Amino acid sequence: MKCEPAAYTIDDLKRDKTTSWEGVRNYQARNFMRDMQLGDEVLFYASNADPSGVTGIAEISRAAYPDPFALKKGHKYFDEKATKDDPIWVSVELRLVEKFDEIVSLETLKNTKGLEEMVVTKKGSRLSIQPVTAREFEIVAKLGRR
DNA sequence: GCCAACGTTGGC
DNA sequence: GCCAACGTTGGC
């Protein structure tokens with residue numbers, strides 16, 4: 001799950017312990033969120049950062065529920081097409097598992113064996129939520145704990 | 001249903 | 001700040 005540091009960081013999550021992940025307004029990303037199960041672990045990725053990369057691990061502490069802001073008129077996440085019966089967009093809640101000792105930069109991801117197929121290393125991979133295989137997850141976690 | 005125009009993302 | 005790579009919108 002990606003986020004720009006200006007919006008939210010792993011340190012913010014460390015302070016807050018848990019946070020709700022709202023405002024995703026892309027159908028593909030939403031579908032990934034909808035599939036997330038309680039306890040699923042996610043790589044927390046800082047985008048548009050210096051450097052960009054994975055800064056830690058979080059877990060799903062609440063599975064998908066309707067994103068309340070989609071119904072909130074005037075809110076920046078408001079969507080006029082969303083209704084109570086069909087909220088369209090969902091949120092999940094995250095809990096911090098660990099902040100990495102060091103950031104696993106995008107450059108490192110690109111240069112690490114076994115991560116050749118990892119979505120985030122591909123060109124034009126803008127999606128804010130992307131699938132990660134268990135194997136990729138373990139490789140990245142190991143790098144971050146060094 | 002096509003596609004041009006437009007907006008956004010995010011690496012660089 | 002540039003711009004490639006998208007996703008979305010809306011006229012037709």
Side-chain angles (χ1 to χ4, degrees), chain A residues 1-16 18-36 40-60 63-146:
Chain A
M1 298 177 82
K2 298 193 209 169
C3 190
E4 299 195 14
Y8 205 76
T9 67
I10 194 82
D11 288 319
D12 291 330
L13 185 56
K14 197 170 180 178
R15 178 198 62 212
D16 298 340
T18 66
T19 194
S20 54
W21 209 257
E22 60 266 326
V24 171
R25 294 295 178 267
N26 172 286
Y27 285 102
Q28 225 185 325
R30 180 205 62 182
N31 293 346
F32 286 130
M33 280 213 298
R34 233 169 22 185
D35 290 341
M36 291 172 173
D40 277 355
E41 291 192 301
V42 309
L43 297 175
F44 193 97
Y45 182 93
S47 60
N48 244 329
D50 189 22
S52 294
V54 182
T55 53
I57 295 173
E59 70 176 351
I60 304 300
Y65 59 97
D67 184 336
F69 294 116
L71 296 172
K72 212 167 209 167
K73 222 172 191 145
H75 195 278
K76 67 171 171 168
Y77 293 145
F78 175 69
D79 182 350
E80 58 182 4
K81 292 198 291 296
T83 64
K84 217 163 177 226
D85 286 338
D86 185 12
I88 305 181
W89 307 111
V90 301
S91 301
V92 297
E93 276 180 14
L94 297 183
R95 178 192 300 129
L96 179 73
V97 172
E98 63 177 290
K99 179 189 173 181
F100 283 162
D101 299 319
E102 58 184 82
I103 184 171
V104 183
S105 70
L106 179 60
E107 194 192 356
T108 299
L109 295 175
K110 283 179 173 171
N111 293 327
T112 299
K113 219 180 152 210
L115 302 182
E116 295 86 355
E117 298 303 313
M118 192 170 175
V119 180
V120 78
T121 65
K122 305 270 190 191
K123 197 178 168 192
S125 134
R126 305 178 311 152
L127 207 58
S128 66
I129 298 175
Q130 306 180 347
V132 177
T133 68
R135 175 140 179 71
E136 289 164 350
F137 187 97
E138 284 314 315
I139 292 172
V140 175
K142 212 165 272 175
L143 288 170
R145 290 175 188 135
R146 179 168 51 204

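Just so it is clear, the structure is predicted and the values come from calculations on it, not from any experiment. Below, read A as the first sequence line, B as the second, and so on, with proteins coming before strands; counting in each chain starts at 1.
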Requested in this report: Applying salt bridge (charged side-chain N to carboxylate O under 4.0 Å, His left out), run through A:Lys122 and A:Glu117 and close with a yes or a no.
Outcome: CA-CA 8 Å; A:Lys122 305 270 190 191; A:Glu117 298 303 313; 3.2 Å; yes
Report task. Would you mind building the protein contact string for nucleotides 5-12 of chain B? One character per nucleotide, 5' to 3', B for base within reach (heavy atoms under 4.0 Å), S for sugar-phosphate only, - for untouched. Result -> --BBBBBS
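Between A:Trp89 and A:Tyr65, the gap from one ring centroid to the other reaches at least 6.0 Å. Under the 6.0 Å cut-off for aromatic ring centres, A:Phe32 and A:Trp21 do not qualify, their centroids lying 6.0 Å or more apart.
Residues A:Ser105 and A:Glu107 have side chains that never bring a donor and an acceptor to within less than 3.5 angstrom of each other.
Within the 4.5 Å cutoff, the side chain of A:Arg145 has heavy atoms near those of the A:Ile57 side chain.
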